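Just so it is clear, the model here is predicted, and its values are computed rather than measured. Numbers here are sequence positions counted from 1. Indexing begins at 1, ligand by ligand and atom by atom, following the structure's order.
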Amino acid sequence: MSEPLIRKCVVPAAGLGTRFLPATKTIPKEMLPIVDTPTLQYIVEESVSAGIEDVILINGRGKSCIEDHFDLAVELEAVLKARGKVEELRSLRAISEMANIVSVRQKEPLGLGHAVLCAKSLVGGEPFGVILGDDIIDAEEPAIRQLALAYHKHKKGVVALMEVPAEETHLYGIAAGERLDARTIRVSQIVEKPKQNPPSNLAVIGRYVLPPSVFPILETQERGVGGEIQLTDALARLAKTEGLIGYQFEGRRYDAGDKVGYLKANIAYALKRKDMRGPLLAYLRQVVEEAERA
Ligand code: G1P
């Protein structure tokens with residue numbers, strides 16, 4: 001691959017995952033599988049396919065198994081080798097060779113803005129990506145790469161946007177601004193989870209490519225919605241000073257942080273597997289038929 005557009009990506013993974021209790025009592029929510037692969041692995045794969053070399057995990061207590069997942073599994077590999085399981089061995093190896101994974105602890109749950117700020121010294125003075133693990137995006141061109149391209153075109157920070165129904169705007173950061181082309185706006189307003197009068201129905205989805213100048217803004221960012229230091233509030237200030245781009249990415253997004261969204265992602269990704277598609281489709285048809293008869 002030619003020179004990467006961005007080299008570093010921050011992945012906040014310090015949340016408690018309370019929506020998925022009891023599963024998340026001992027398993028970090030980032031390790032819950034979609035089909036047979038932890039959600040976080042999809043995120044790391046997206047980063048790598050966009051040419052990103054360093055993935056900076058913002059980690060919390062009790063989450064060290066995330067690091068183990070991206071490390072060598074010496075004993076397991078020895079067993080697979082002895083049993084001649086070549087394919088399994090290859091795919092296991094590939095996970096540990098995928099990227100440089102480094103992690104930083106977010107010592108207090110002070111919000112997404114604070115989580116990103118924890119990566120300041122590791123990011124240094126270059127533009128970087130942020131990917132939120134709850135948002136799984138299935139796209140031909142990795143979503144973070146689409147944003148990185150927009151960053152290089154406009155020389156401004158970029159947030160991923162998606163249209164949502166009006167009744168869902170209170171669940172997201174919402175952005176509005178002047179339209180530059182079919183996918184792009186120049187953001188003039190961005191508000192975290194507006195309770196009323198959302199400026200549009202364009203929701204911020206968990207992909208960002210940001211300039212390092214966002215760090216000093218985050219350092220002085222006051223607490224916002226939920227008493228947390230919000231990335232969205234810092235981006236509102238960035239929009240006023242340097243400018244900010246909103247980019248409606250191509251691809252299908254799954255909200256893996258929501259139980260129904262998580263199940264949808266599982267079904268969609270299972271249907272993409274040759275060995276699973278037939279039997280799963282037959283079962284889904286049967287379920288629909290039964291539900292319609294009931
Ligand atoms: C975060 C952001 C929000 C964004 C959302 C996308 O919120 O703060 O602006 O719209 O991710 O998933 P969260 O869902 O983590 O509360």
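Among residues two or more places apart in sequence or in another chain, the salt bridge (Lys or Arg N to Asp or Glu O under 4.0 Å) test is passed with D36 by R273.
Residues E228 and H114 bring no donor and acceptor atom of their side chains to less than 3.5 Å of each other.
A salt bridge does not link R293 to E290: none of the charged side-chain nitrogens sits closer than 4.0 Å to a carboxylate oxygen.
The ring of F215 has its center closer than 6.0 angstrom to the ring center of F128.
Among the atoms of Y208, none of the N or O lies under 3.5 angstrom from an N or O of ligand 1. The shortest N or O to N or O distance between I205 and ligand 1 is not under 3.5 Å. Of the polar atoms of L112, none of the N or O atoms is found under 3.5 Å from an N or O of ligand 1, judged by distance alone.
The number of heavy-atom neighbours closer than 6.0 Å to CZ of R179, taken from other residues, nucleotides and ligands shown, is above 12.
In terms of protein heavy-atom proximity, atom 12 (O) of ligand 1 is nearest to D135 OD2, 2.8 Å. Atom 7 (O) of ligand 1 has its closest protein heavy atom at K193 NZ, 3.4 Å. Protein heavy atom closest to atom 5 (C) of ligand 1, with residue, atom name and distance, is V204 O, 3.9 Å. In this structure, atom 9 (O) of ligand 1 lies nearest to the protein heavy atom E192 OE1, 2.7 Å.
Shortest non-hydrogen contact noted between Q146 and A139 is NE2-CB, 3.9 Å.
When each atom of ligand 1 is checked for a heavy atom of T232 under 4.0 Å away, the hits are 9 (O).
The side-chain tip of K259 does not point at the ring of Y262 from less than 6.0 angstrom away and within 45° of straight on.
Within a 4.0 Å radius of atom 15 (O) of ligand 1, the protein contributes no non-hydrogen atoms.
Contacts between L132 and ligand 1, counted as non-hydrogen atom pairs separated by less than 4.0 Å, involve the side chain only.
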